[in-house]
Amino acid sequence: MKADKKAFKQKVFEVVRKIPKGKTLTYKEVAKRAGSPKAFRAVGNILNTNYNPDIPCHRVIRSNGKVGGYNRGRTEKVRKLKQEGVIK
DNA sequence: CGTATGACGTGCA
DNA sequence: GTGCACGCCATAC
């Protein structure tokens with residue numbers, strides 16, 4: 001394991017943490033900002049295994065416009081997005 | 001260290 | 001427009 005790989009994870013958290021309220025980013029966008037535009041898969045994995053309470057991962061959605069998933073049940077995710085007006 | 005899994009994306013039928 | 005299959009990266013066990 002190299003620190004570079006760990007940096008990617010840290011970057012993902014940082015990027016997601018910078019997402020303003022009422023705004024959403026796609027996994028691809030986050031992965032691109034993290035330094036690997038093709039690691040959108042790993043991004044979801046990182047959030048899934050290392051879900052941090054300070055990270056609004058609920059603002060990260062799929063490129064299809066779908067919410068995607070969340071912590072085992074996306075009810076809270078959709079709920080928050082709805083409250084922020086991100087979802088119709 | 002190697003294998004398997006996964007909150008995804010894109011292409012083709 | 002919808003469905004199926006493959007490919008990709010990083011993490012965790």
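Chain A is the first sequence line, chain B the second, and so forth, proteins listed ahead of strands; every chain is numbered from 1.
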Checklist line | Most 5' of A:Ser36 and A:Phe40 on DNA chain C, judged by nearest nucleotide | finding: A:Phe40
Margin query: Of the options B:dT10, B:dA7, C:dC8, whose atoms approach the side-chain atoms of A:Ser63 most closely?
Written below: B:dT10
Notebook entry, point to check: Checking all strands, does A:Asn71 fall into the base, sugar-phosphate, or nothing category for heavy-atom contacts under 4.0 angstrom?
Noted result: nothing
Check: Could you state the CZ-P distance from A:Arg59 to B:dA7, rounded to the nearest angstrom?
Finding: 22 Å
Checklist line | For atom CD of A:Glu29 and atom P of C:dC9, their distance in whole Å | finding: 18 Å
Next item on the list: Would you tell me if any nitrogen or oxygen in the side chain of A:Arg62 comes within less than 4.0 Å of OP1 or OP2 on B:dA7?
Entry: no
Check: Hey, does the side chain of A:Asn64 come within less than 4.0 Å of B:dT10's phosphate (OP1/OP2), counting only N and O?
Finding: no
Check: What is the nucleic acid contact for A:Ala42, judged by heavy atoms within less than 4.0 Å: base, sugar-phosphate only, or nothing?
Finding: base
Notebook entry, point to check: Quick one: is A:Thr49 getting a side-chain N or O under 4.0 Å of the C:dT11 phosphate, OP1 or OP2?
Noted result: no
Item checked: Nearest to side-chain heavy atoms of A:Ile46, which nucleotide of C:dA10, B:dA7, B:dT10 -> C:dA10
Item checked: Any N/O donor-acceptor pair, A:Tyr27 side-chain to B:dA7 base, under 3.5 Å -> yes
Note to self: Whether A:Lys80 and A:Glu84 form a salt bridge (side-chain N of Lys/Arg under 4.0 Å from carboxylate O of Asp/Glu) is what I want to check.
What the structure shows: no
Next item on the list: Please check the phosphate of B:dT5 (OP1 and OP2 only) for any side-chain N or O of A:Asn45 closer than 4.0 Å.
Entry: no
Checklist line | Same apolar cluster: A:Phe40 and A:Ile61, side chain cutoff 4.5 Å | finding: no
Next item on the list: Look at all strands and tell whether A:Leu47 reaches a base, only sugar-phosphate, or nothing, counting heavy atoms closer than 4.0 Å.
Entry: base
